[in-house]
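Heads up: the structure comes next, in structure tokens.
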Amino acid sequence: MKQLLLVLLLVSFSASSALADSPEAILKDYRKAAAQAVERLNQSLEKTATPMITKLVKDGDTAGAELLTAQIKEKQAGDAVPNPQASVVQLFALYDDARAKALAPVQKSSIARIDSLLKTAGGAKLETVTELGKVRKEIEAGKAPSANDLPVEWSYRSSPTGPHLSKVFFERDGSARMEAGPDSQTGTWEWKRKGVFIAKLSNDTWTITMKKGYAELESERLKGLRYLVPFEQK
């Protein structure tokens, strides 16, 4: 009798816990636990990179120091750094591996809570399912992606909705090119900070700022803004 009562109490507690859980609570707990899991790693990354940044400043490479500082901050936040400076390529690879291992148990427990909430009696409501999908996406993206999520092929335009004028490519290896007949150019590109990158081409230098669905392009040679739209949106 006592055993049956204990089982009923445990079932009741489990059910009430599931009902009390929510996408908001899962995400809040995940973010807190994830921050704690990578805190020491981030401190170690910063400590290791500081002498590198200091040397760049001493050598008069202020731009390089600023770029490396921005890349360190992006890495600590779990963002992708597609073109890291050569001095930190191996360091970033080690960091990514350690970060993934540190976050794995936090992700596993959080996803288990999501699965449990989806299995509540009668099924979760549509709104809850949608929110859980968003939460799961953030949790699974805890490890900084190693692939560059910047589109490779772009449409060069005079306005975001204007006609296509030429093609621009930002390749994964850091090379860039503009296919515009006799005005075609080649060069390189690299991130300046999150959401902003620089393209140094044969006859021009562009500062490109990411926007929703397109990018603004400031040219050193031409007056006024130009625009880039991911080519699949042409």
Side-chain angles (χ1 to χ4, degrees), residues 23 25-115 133-152 169-176 187-200 207-210 215 230:
I26 294 172
L27 186 57
K28 181 181 178 180
D29 291 346
Y30 167 74
R31 287 174 174 171
K32 182 179 180 180
Q36 292 174 343
V38 301
E39 184 177 6
R40 289 186 179 180
L41 280 176
N42 285 345
Q43 291 174 350
S44 178
L45 178 64
E46 186 170 329
K47 184 178 180 179
T48 304
T50 297
M52 301 178 187
I53 297 170
T54 302
K55 185 177 185 304
L56 290 172
V57 173
K58 287 182 178 179
D59 292 343
D61 188 0
T62 304
E66 290 178 349
L67 176 60
L68 183 53
T69 299
Q71 289 183 340
I72 294 297
K73 292 186 180 300
E74 290 171 1
K75 181 60 67 175
Q76 289 175 323
D79 295 330
V81 182
N83 295 307
Q85 290 190 3
S87 59
V88 293
V89 170
Q90 185 175 4
L91 176 62
F92 279 6
L94 293 172
Y95 174 86
D96 284 344
D97 185 58
R99 182 186 178 93
K101 290 177 180 177
L103 286 177
V106 181
Q107 292 170 311
K108 183 177 180 180
S109 61
S110 298
I111 290 174
R113 285 175 63 182
I114 291 175
D115 291 341
K134 295 177 182 178
V135 172
R136 183 167 190 143
K137 184 177 180 180
E138 177 172 332
I139 291 171
E140 291 179 339
K143 177 181 179 299
S146 57
N148 174 18
D149 57 2
L150 182 73
V152 171
F169 297 84
F170 301 112
E171 301 290 352
R172 299 286 190 254
D173 62 2
S175 63
T188 61
W189 73 274
E190 65 180 18
W191 289 104
K192 181 178 181 181
R193 59 180 181 274
K194 187 175 181 180
V196 179
F197 63 99
I198 304 294
K200 296 181 179 180
T207 299
I208 302 159
T209 304
M210 301 294 293

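When all heavy atoms are compared, the tightest approach of I208 to A215 is CG2-CB, 3.6 Å. The two atoms that bring V106 and A33 nearest to each other are CG1-CB, 3.6 Å, heavy atoms only. When all heavy atoms of L56 and L68 are compared, the closest pair comes out as CD1-CD2, 4.0 Å. The nearest pair of heavy atoms linking R99 to G78 is NH2-CA, 3.4 Å.
The CD1 atom of I139 lies 8.0 Å from the OG atom of S109; values are rounded to the nearest 0.5 Å. Once rounded to the nearest 0.5 Å, the distance linking NZ of K108 with CG of L103 reads 15.0 Å. One finds the CG atom of D29 at 4.5 Å from the CZ atom of R113 (value rounded to the nearest 0.5 Å). T50 OG1 to M52 CE: the interatomic distance, rounded to the nearest 0.5 Å, is 9.5 Å. The distance from atom CD1 of I53 to atom CD of Q85, rounded to the nearest 0.5 Å, is 8.5 Å. I111 contributes atom CD1, which lies 8.5 Å from atom OH of Y30 (distance to the nearest 0.5 angstrom).
In terms of the ring-ring contact (aromatic ring centres under 6.0 Å, His included) criterion, residue partners of F197 (sequence neighbours excluded) are, by chain and number, F170, W189, W191. Qualifying side-chain hydrogen bond (donor to acceptor under 3.5 Å, both in side chains) partners for K73, counting only residues two or more places apart in sequence or in other chains: none. Residues passing the salt bridge (charged side-chain N to carboxylate O under 4.0 Å, His left out) test with K134, sequence neighbours excluded: E131. Here V152 pairs with F169, E171, R172 under the side chain to side chain contact (heavy atoms under 4.5 Å, CB included) rule; sequence neighbours left out. Annotation: salt bridge (charged side-chain N to carboxylate O under 4.0 Å, His left out) contacts of R31 (sequence neighbours excluded): E138.
For residues 48-70, the salt bridge (Lys or Arg N to Asp or Glu O under 4.0 Å) pairs, not counting sequence neighbours, are K55-D59.
The main-chain N or O of N42 is found under 3.5 Å from a side-chain atom of Q76 such that the two form a donor-acceptor pair. Without hydrogens or angle criteria, S44 side chain to R40 main chain gives no donor-acceptor distance under 3.5 Å. Looking only at distances, no side-chain donor or acceptor of Q107 sits under 3.5 Å from a matching main-chain atom of A100.
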Verdict with supporting geometry, K75 and L41, side chain to side chain contact (heavy atoms under 4.5 Å, CB included): CA-CA 11 Å; K75 181 60 67 175; L41 280 176; over 6 Å; no
